[in-house]
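Below is one structure; the comments refer to it alone.
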Amino acid sequence: MSENNSISVQLNKINDNTWEVPQGYRPGMRVPGRLFLSFPLLEMLEQGTLDQVANVATLPGIQKYSMAMPDAHLGYGFPIGGVAAFDREEGVISPGGVGFDINCGVRLIRSNLLESDVRPYIKDILEKLFHAIPSGVGSKSRLRVNDDQLDDIFINGSNWAVENGYGIPEDIEKCESQGMMEGALVKQVSTKARQRGRPQLGTLGSGNHFLEIQYVAEVYDRKAADAFGLYEGQVTCMIHCGSRGAGHQICTDHLRNLTQAAQKYNIYLPDKQLACAPTDSSEAQNYFGAMVCAANYAWVNRQIIMHWARGVFQDFFKQDIDELGMNLVYDVAHNVAKLEEHRIENKKKEIYVHRKGATRAFPPMHPDIPQAYRKVGQPVLIPGSMGTASYVLHGTYDSMDISFGSACHGAGRVMSRAHAKHEFRGEQIQRELSEKGISVRATQPALIAEEAPEVYKSSSDVVDVVHNLGIARKVARLMPIGVVKG
DNA sequence: ATGTAC
């Protein structure tokens, strides 16, 4: 018997895609855990990820169950691919439940171009995008903002971007939270976080972040695709990045405070990385206010990148923005905590939903989704790994009952970066992708090796789990033509 | 993910 078979015997099977971590799995669990996985994906789950789901279940005020999505893997304290909701009065807020890259997220832009318009020129277009949008570790922007502008960005998010010429008012409507969360506390952002953030607006970063030119390969749900403005053969552009050094520094700074706070408020932590504080404490609220600053910064970052990408297409095709039809379909956050109203045991309740590597998937008619999408539900954007399909889904009523209105966020890594670098050569991977009709422009070959398709789970397997569970339903599959990587 | 270690 393989080591991984031991995973399933520790769990109760609820249905083909739901496994319960019993409350007795580990002392101090206040609720059970729930893993949303098919059996083959469950067999790939690390024991450590299961333990993290159980650890999160010990935190005060946790609601219903500690959850892991099908792409879950080991994270800082909380698993990546984790969802945990805490009572507004009796719960906690934890930076580990959000992650270091605050408001890492994805945006999808549609166009009036067809695959055949773009494919012949993809290398040239990628080169221009690569030069227009700085990428890589520590990359610096050509845009510089002063401290007052940075405050404006922290407080007003996407509104700042549009008011300053980076996009159009419609872009704001098509962002989760309209690209701006309320409650920014700029005084809770350290000088160091400001210094790191000031030169990085409009930069892609590194790792699994990317800008990808894709085409719609298949539509599964015509009605929803129509609402989102998507059709087969159409070219789309997907941007995946976050809050760069600013968010990272904000997380680091406040983790220190919350580690002390957990002791001060006598919160039992099975793992120090679960540092947290009661929701109404100054420590928790200060973190939350700083987290909002980083979230708003990330929306501005993606907005500026989109603006520059639009510029490249305008220059290249000699068309204006209306002719090109490069409209924002949607922008989702997948690393953030939000105060939301949910129905629990038939009562409306305010809870802090922590989604870390998980996407909000709100249902039709929800007031927090754009008017244009009210009949079909929120667009849920699931990027694949480099060279594999990405998916567009829509949110459902069931997601509100099953997962606090949440779904998965991506493919999920199965091999460490170090191992991948040892196993693969960047040039070789690049050649293989090229043979499949996918061009890659990256800062260095080693990065391509670290992000090889083989080091991730299959995005289609992961998406099938959320689709079959009904927490989000498939609308369209997008295939890459060209990728810009940091 | 990340000025890839304080």
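Every heavy atom of this structure was used, including side-chain atoms; hydrogens, water molecules and symmetry mates were not. The sequence lines fix the lettering, A, B, ..., with proteins before strands; numbering per chain opens at 1.
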Heavy atoms only, 4.0 Å cut-off, all strands: where does A:Ser206 land among base, sugar-phosphate and nothing? sugar-phosphate
Roughly, in whole Å, what's the span from NE2 in A:His209 to P in B:dT4? 16 Å
Grab the CD-C1' distance between A:Gln249 and B:dA5 for me, whole Å please. 14 Å
I'd like to check the salt bridge (Lys or Arg N to Asp or Glu O under 4.0 Å) partners of A:Glu127; sequence neighbours left out, ordered by chain and number. A:Arg441
Using whole Å, report how far NE2 of A:His248 lies from P of B:dA5. 11 Å
Rounded to whole angstroms, how far apart are CZ on A:Phe100 and P on B:dT4? 14 Å
More than 12 heavy atoms of other groups within 6.0 Å of A:Lys421 NZ: no
Nearest-angstrom distance from the residue atom NE2 of A:His419 to C1' of B:dT4: 19 Å
Name the nucleic acid region contacted by A:Gly242, choosing base, sugar-phosphate or nothing; use a 4.0 angstrom heavy-atom cut-off, strictly under. nothing
Could you tell me whether A:Lys356 contacts a base, only the sugar-phosphate backbone, or nothing, with contacts defined as non-hydrogen atoms closer than 4.0 Å? nothing
Judged by modelled atom types alone, do A:Gln249 and A:Arg194 share a side-chain donor-acceptor pair under 3.5 Å? no
Can you tell me how far P of B:dT2 sits from CG of A:Asp253, to the nearest Å? 16 Å
Return no unless some side-chain N or O of A:Arg244 is found under 4.0 Å from OP1 or OP2 of B:dT2. yes
Heavy atoms under 4.0 Å, any strand shown: does A:Glu450 hit a base, just sugar-phosphate, or nothing? nothing
From CG of A:Leu255 across to P of B:dT2 the rounded distance in Å is 16 Å
Quick check, are the ring centers of A:His240 and A:His409 under 6.0 angstrom apart? no
Separation of B:dT2 P from A:Tyr76 OH (nearest whole Å): 17 Å
